[in-house]
Amino acid sequence: MSTALLSGLIILVLLLIMLIAGVPIAVALGISSICAILPVMDTSVAVLTGAQRIFSGISVFSLLAIPFFILAGNIMNKGGIAVRLINLAKLVTGRAPGALAHTNVVANMLFGAISGSGTAAASAMGSIIGPIEKDEGYDPNFSAAANIATAPTGLLIPPSNVMITFSLVSGGTSVAALFMAGYIPGILWGLACMVVIYFIAKKKGYRSTSKFTGKEKIKVLLEAIPCLLLIIIVIGGIIGGIFTATEGSVVAVVYSLLLSLFGYKSIKLKEIPQILKESAEMTGIIIFLIGVSSIMSWVMAFTTSRHWFLRACWLSATINL
């Protein structure tokens, strides 16, 4: 059995065992990767090299966009921006069968596109729309499925933390090009989910009881315009070359903070430390996962290159003989 194949099997088996046992994904990935390199490397060297790979994997300037987009998403969630996007989505979906579930889909697409995080979108929409759907008789399983299935649209519709990470690991693919490529599949994903929701909701008889008056419609539109401007500013700036994706994430934080503090006045200064703490915790999880993933990449590259290096040495010796 080749070294690369043995290492791959060790990673796969140990990873599955630890995930079944409830070990966090990042920890399981790191431990399984280190164990996979032990057959060909001293334990102390493997551990020290693994630690070095974690730091080198996260010491990349472009990764700064991730914590800033997460912070922007949390500010929007706490600052009432998510609520205004939900009201806009309710206005768009009207009173069609499953209107609240459709609202969830549209809001996930809008909020995910602004915050750059599917996790932030799922958390915000689930906590706000979930209780309303329950009051109107929606099956909680149906509501949860609609939210979970459409929250990842925020991973495709820019700005997207996943695309920033992909640009890093792929060797510098243009972030602006990735952002442009994400719109159509992200929108198609959301629309496909809305089609499924429509037929299920029609079969189960889910209909919204809320209705907007003319004045309420105008109010919802006016309140949502500043939120939607954030998409234009951030995406337009990145695509137009005015600033990079990392700088765009900072712009998103500043804009959303100013809008929440002085525009909607829905956040107080004393709440900011708690928002920063929550954002730091979420960022730590994601960045640590990226770091330990670089260990696995190094292990697979090392074992594969070592295998081919030994083969080349054997071939060279054979020719010389």
Side-chain angles (χ1 to χ4, degrees), residues 65 68-94 99-100 102-125 128-129 147 150-161 163 175-176 179-191 193-194 210 212 214-240 242-243 245 247-267:
F68 281 116
F69 275 130
I70 291 175
L71 176 58
N74 286 335
I75 293 173
M76 295 172 198
N77 190 11
K78 304 289 185 180
I81 295 177
V83 174
R84 286 164 175 81
L85 291 176
I86 290 174
N87 290 333
L88 176 63
K90 289 173 67 176
L91 182 62
V92 172
T93 56
L100 282 176
H102 290 306
T103 299
N104 196 340
V105 176
V106 177
N108 272 336
M109 294 167 68
L110 291 173
F111 189 78
I114 293 177
S115 69
S117 171
T119 304
S123 175
M125 301 309 140
I128 297 173
I129 299 182
N147 187 35
T150 57
T153 56
L155 304 179
L156 289 176
I157 300 177
S160 170
N161 295 334
M163 291 184 180
V175 175
F179 279 5
M180 287 298 293
Y183 275 110
I184 293 179
I187 293 173
L188 288 177
W189 185 343
L191 292 176
C193 290
M194 292 179 73
S210 59
F212 289 101
K215 291 183 178 180
E216 289 175 338
K217 291 180 180 179
I218 296 175
K219 182 181 178 181
V220 168
L221 287 173
L222 292 177
E223 288 184 344
I225 287 176
C227 305
L228 298 177
L229 280 176
L230 181 55
I231 300 178
I232 299 175
I233 293 173
V234 174
I235 302 301
I238 294 174
I239 296 175
I242 300 175
F243 42 72
E247 294 165 344
S249 65
V250 179
V251 172
V253 170
V254 174
Y255 184 94
S256 58
L257 184 60
L258 292 177
L259 183 61
S260 300
L261 283 173
F262 306 109
Y264 298 139
K265 297 181 180 180
S266 50
I267 288 182

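All residue numbers in this chain count up from 1 along the given sequence. Just so it is clear, the structure is predicted and the values come from calculations on it, not from any experiment.
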**OP:** Run the numbers on V106 and M194 for side-chain contact (heavy atoms from CB on, under 4.5 Å), then give the verdict.
**Re:** CA-CA 9 Å; V106 177; M194 292 179 73; 4.1 Å; yes
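- For the pair A252 and L230, the tightest heavy-atom approach, listed with the atom from each and the gap, is CA-CD1, 3.9 Å.
- Considering OG1 of T153 and CG of N108, their distance stands at 5.5 Å, rounded to 0.5 Å.
- Judged by distance alone, the side chain of Y255 and the main-chain N or O of A72 form no donor-acceptor pair under 3.5 Å.
- At distances below 3.5 Å, not a single donor-acceptor pair connects side-chain atoms of S260 with backbone N or O atoms of L257.
- In this structure, C227 and Y264 approach most closely via the heavy-atom pair SG-OH, 3.2 Å.
- For the pair I187/M109, a side-chain contact is recorded, criterion being any heavy-atom separation below 4.5 Å from C-beta on.
- Atom CD1 of I225 and atom CG of L221 lie 6.5 Å apart (nearest 0.5 Å).
- The two residues V234 and F243 make their nearest non-hydrogen contact at O-CE1, 3.5 Å.
- L71 CG to S256 OG: the interatomic distance, rounded to the nearest 0.5 Å, is 7.0 Å.
- Distance check, rounded to the nearest 0.5 Å: OG of S266 to CG of L259 gives 7.5 Å.
- Heavy atoms from other residues, nucleotides or ligands lying under 6.0 Å from CG of L191 number more than 12.
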